[in-house]
Amino acid sequence: MKHAPLLALLAGLSLAAGVHASAADHVHATHAWIRVLPGALPAGAYVTLENDGDQPVALTGASSRAYAQVMLHHSSTDGGVSRMTMVDSLPIPAHGEARLAPAGYHLMLMQPAATVKPGSTVRLLLKFSDGSTLSTDFIARPANALDDGSGHADHPSS
Ligand SMILES: [Cu+2]
């Protein structure tokens, strides 16, 4: 059949166009974890976001059924005093990554609907500037955790 290759090519092109439809399709979340503090204290959520697309994207916030409110924050230290500021969006460069980590960017989880126990999983819906969302499971870890405990290629745990 003479036209088959052309049809296959067109099908491939439309598939590619679909893949490029939203920011969330290009973002991959790894090392997603939450540092749970005692009582009803706000918890920090951390994740590495990799963007494999040709366009920069921006994280604008998140939501979760497990918390009444989620805010995007940045921690910094100024003259020995640590402070948190609200952030409207966190850019993720094309073919780059953005890291949410302790003492830096984080999602602040406020007013848990129920006690979140270390070892449990909390699902967050990450939101991007184009309105797309990425559902990501975060592992809850105790207050003294420094990272997600999975180890990193650049920090061997040997
Ligand atoms: Cu915060």
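Note that these values count all heavy atoms, side chains included, but never hydrogens, waters or copies made by symmetry. Just so you know, ligand 1 is whichever comes first in the structure, and atom 1 is the first atom listed for that ligand.
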Could you grab the angle centred on the Cu ion (ligand 1), going from NE2 in H106 to SD in M84, to 10°? 100°
Got an N, O or S from M108 under 2.8 Å of the Cu ion (ligand 1)? yes
Decide whether D54 and H95 meet the rule of one side-chain donor and one side-chain acceptor closer than 3.5 Å. yes
Only one of D52, T136, L134 forms a side-chain contact (heavy atoms from CB on, under 4.5 Å) with H28, so which one is it? D52
Find the distance between NE2 (H74) and CG (L90) and round it off to the nearest 0.5 Å. 9.0 Å
Calculate, to the nearest 0.5 Å, the distance between atoms OG1 and CG belonging to T133 and L126 respectively. 8.5 Å
Only N/O/S atoms count here: what is the atom of H73 closest to the Cu ion (ligand 1) called? ND1
